[in-house]
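What you see below is based on every heavy atom in this structure, not just the backbone, and it leaves out hydrogens, waters and symmetry mates. Predicted, not measured: the structure shown is a model, and the values here were computed from it. So that the names make sense, note that chain A is the first sequence line, chain B the second, and so on, each numbered from 1.
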There are 2 protein chains.
Amino acid sequence: MYRIGELATACEVTADTLRFYEKNGLLSPSSRSDKGYRLYTDEDARHLKFILRAKAMGFSLTEISELLNIEASRSDWACADVKGMVEAKAAELQRKIDEMTRLRDSLQELADACCGGPESAIHCSILDTLETK
Amino acid sequence: MYRIGELATACEVTADTLRFYEKNGLLSPSSRSDKGYRLYTDEDARHLKFILRAKAMGFSLTEISELLNIEASRSDWACADVKGMVEAKAAELQRKIDEMTRLRDSLQELADACCGGPESAIHCSILDTLETK
DNA sequence: TTTGACCTTAGACTTAACTCCAAGGTTTAT
DNA sequence: ATAAACCTTGGAGTTAAGTCTAAGGTCAAA
């Protein structure tokens, strides 16, 4: 059994984060000490690691909730459900990547057209472009 | 002279957004009517378009404030200053793109390893991976 | 003249995922 | 015995960029 600070340190999060996860239904300690201290089991710790791994993959806490639901009753779900979530997330990331790539290219074009010298910016092509495209 | 609703419609933002920009020092109308209505000039409209273009390039409102300062006194700045901001922003985007690409690849790897079939998820490789990496 | 569209302000609310604080109780080490 | 380190709760604050509401004033058209 781990107290909140112990689990937090072990998993490199803060105790506040663990309380936050509990409040949001992601992870509750299996029990409490007689004085009300949260007591986490190894199973709880695995649970937390699941959450942190999913977070590292880019899932939101809401999505992680769904994943935890599925994980908790795997037999109620099909592989296709899980794969669908993962692919939807990958597609969402791809859309963001595409958008950011477009922005980056625009910025690079802007920068490339600029002399970038120590002269005054009175005739700066970047500002000109922003002013009147 | 445009009233707030007119300028908003013309530039496809809301009147609330214009008031918000004013409160945050990005764009103030050149004058007010005798009854206190905001009155924007063509110059104000160009100002707003500058803001919207910079926003479309991925700049935050804080960064746009800086750009507007530079724009307002171009001779006080060097081309290198402006180019530096643009390149820094491009680099920041690149870092985000790299990170998201990494995440997307991880997700794709996860998805590719999953049968994705209609069978129960009891032996789902995705859940297994999240549970014990 | 009265309805509807427009404008004003101050200030609260939104989202996500924490983070911090106050006021107090518990445990551990010296 | 006492101080440090830990724990509890409830609730407020953070960030970005708006968005919405209330309560009221103004203006144009029928």
Taking CD from Glu6(B) and C1' from dC27(D), how many angstroms apart are they, rounded to a whole number?
13 Å
Distance check needed: dA17(D) P versus Phe59(B) CZ, whole Å only.
13 Å
Quiz question: by atom type and distance under 3.5 Å, do the side chains of Glu63(B) and Ser60(B) form a donor-acceptor pair?
yes
Contact class for Ser33(B) (heavy atom, under 4.0 Å): base, sugar-phosphate, or nothing?
nothing
d(CE, Met1(A); P, dT27(C)) in whole Å
15 Å
Taken to the nearest whole Å, CD/Glu22(B) to C1'/dT9(C) is 12 Å
When Phe20(B) is tested against each of Leu27(B), Leu26(B), Thr14(B), Leu61(B) for side chain to side chain contact (heavy atoms under 4.5 Å, CB included), which residue passes?
Leu61(B)
With sequence neighbours excluded, tell me which residues meet side-chain hydrogen bond (donor to acceptor under 3.5 Å, both in side chains) with Asn24(B).
none
With side-chain hydrogen bond (donor to acceptor under 3.5 Å, both in side chains) as the test, would you mind laying out the steps for Tyr2(A) and Asp42(A) before giving the verdict?
CA-CA 8 Å; Tyr2(A) 314 101; Asp42(A) 283 326; 2.3 Å; yes
Expressed as a whole number of angstroms, how long is the span from Ile64(B):CD1 to dA16(D):C1'?
12 Å
Round to a whole Å and report the spacing from CG of Leu18(B) to P of dT19(D).
11 Å
Restricting both atoms to N or O, compile the protein contacts to nucleotides 18-23 of chain C shorter than 3.5 Å, with distance only.
unit_1: dC18(C); atom_1: OP2; unit_2: Tyr21(A); atom_2: OH; d: 2.8

Could you go through nucleotides 22-25 of chain D and list every protein N or O atom that sits under 3.5 Å from one of its N or O atoms, giving the distance for each pair?
unit_1: dG25(D); atom_1: N2; unit_2: Tyr37(B); atom_2: OH; d: 2.8

Check whether any side-chain N or O of Asp98(B) sits under 3.5 Å from a backbone N or O of Arg95(B) as a donor-acceptor pair, and report yes or no.
no
Less than 4.5 Å apart, any side-chain heavy atom of Val82(B) and any of Cys114(A)?
no
If you draw a 6.0 Å radius around CD in Glu22(A), do more than 12 non-hydrogen atoms from other residues or ligands fall strictly inside?
yes
When you measure from the side chain of Ser125(A) to the backbone N and O of Ala113(A), does any donor-acceptor pair fall under 3.5 Å?
yes
Measure the distance from CD1 on Ile4(A) to P on dC6(D) and round it to the nearest whole Å.
13 Å
Roughly how many Å is it from CG in Leu7(A) to P in dC6(D), rounded to a whole number?
15 Å
Does OP1 or OP2 of dT8(D) have a side-chain N or O of Arg38(A) closer than 4.0 Å?
yes
Is the backbone of Ala78(B) close enough, under 3.5 Å, to the side chain of Asp81(B) for a donor and an acceptor to pair up by distance?
yes
